[in-house]
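Just below is one structure, and these are the notes that go with it.
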Amino acid sequence: MEDPGACSLAPLSVTAPLHQFARWLEDATRSGEIEPTAMSLATCDGSGQPSVRMVLLKQADEGGFVFYTNLGSPKATDLSTRPRAALCFHWKQLSRQVRVSGRAEPVADAEADAYFATRPRLSQLGAWASRQSRPMAGYYDLEKACALEALRHPMGAVPRPPFWSGFRVVPDRIEFWLQKPFRRHERVLHELRDGAWSEHWLFP
Ligand SMILES: Cc1cc2nc3c(=O)[nH]c(=O)nc-3n(C[C@H](O)[C@H](O)[C@H](O)COP(=O)(O)O)c2cc1C
């Protein structure tokens, strides 16, 4: 593990939070994290019941944090009903956490098409085959559905299913947490207000 006393959040005061996030993601990738882009995604349904699950970050820039999923899934239904989400990254090798929250909006069809086209063919067929989070009689149901999709798309490009796309979480809060010895962790919260980011130190 990296020496937790060696790195300080102090330079954040001169760095936009999305640039800081990009730097930390690069550090996590270099540190040997198995899934550095894995993030927990929290949503709420119409009655206020929260749910959390892991998804993979596919893009992060000034526009927000993008992931892809099945549009019939509970998470997509939640986001259509209540278009706000929270994300959490934990990079164990670095003892760092990043929390994000903001508005969730669907990505444009052209953007989803472009990303889908980069996926391995078997993943593309899997997207067609899966009725994500709906019950099936057994694992064989999934294998059968994948085999049927392979027959339906024997060659050539596989189009993006109309029920598969992405969401972009447009952040208004980004918090960086850095583990330090004896629980003297560093936390800096960035908040977007009236179009400008401001930062605040928080007790750990
Ligand atoms: C490391 C990891 C990454 C995952 N990435 C995704 C993803 O990018 N998109 C997705 O739909 N599900 C992903 N999943 C599966 C989800 O955690 C979840 O089981 C599934 O999307 C159904 O969620 P829902 O029923 O809450 O909609 C991932 C799971 C793990 C463990």
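Just follow the structure's listing: the first ligand is 1, and inside any ligand the first atom is 1. Keep in mind that the numbers below use all heavy atoms, side chains included, and drop hydrogens, waters and symmetry copies.
For the pair R187 and W201, the cation does not sit on the ring face, since its NZ or CZ is not both under 6.0 Å from the ring centre and inside 45° of the axis. For R119 and Y68, the positive end is not near the middle of the six-membered ring at less than 6.0 Å and at most 45° from its axis.
When the heavy atoms of M54, K75, R134 are ranked by distance to atom 13 (C) of ligand 1, first place goes to M54.
The nearest protein atom to atom 18 (C) of ligand 1, hydrogens excluded, is given as R53 CG, 3.9 Å; this is a heavy-atom distance. Of the protein's non-hydrogen atoms, Q132 NE2, 3.7 Å is the one closest to atom 12 (N) of ligand 1. Of all protein heavy atoms, the one lying nearest to atom 6 (C) of ligand 1 is V55 CA, 3.5 Å. Closest to atom 22 (C) of ligand 1, if we only count protein heavy atoms, is S133 OG, 3.3 Å.
A ring-ring contact (aromatic ring centres under 6.0 Å, His included) with F21 holds for exactly one of F176, F89, W197; it is F89.
Judged by distance alone, the side chains of T43 and R84 never bring a donor and an acceptor atom under 3.5 Å apart. Side chains of Q20 and R23: a donor on one and an acceptor on the other come within 3.5 Å. In the model, E175 has no side-chain atom that pairs as donor or acceptor with a side-chain atom of H190 under 3.5 Å.
The ligand atoms of ligand 1 that sit less than 4.0 angstrom from a heavy atom of Y68 are 7 (C), 8 (O), 9 (N), 10 (C), 11 (O). Close approach to T69 involves these atoms of ligand 1, each under 4.0 Å from a residue heavy atom: 10 (C), 11 (O). Interface of L56 with ligand 1, defined as ligand atoms under 4.0 Å from a residue heavy atom, comprises 3 (C), 5 (N), 6 (C), 7 (C), 8 (O).
Taking 4.5 Å as the limit, every side-chain heavy atom of L87 sits out of range of all side-chain heavy atoms of R99.
Note on ligand 1: S51 sits outside its first shell, no heavy atom being nearer than 4.0 Å.
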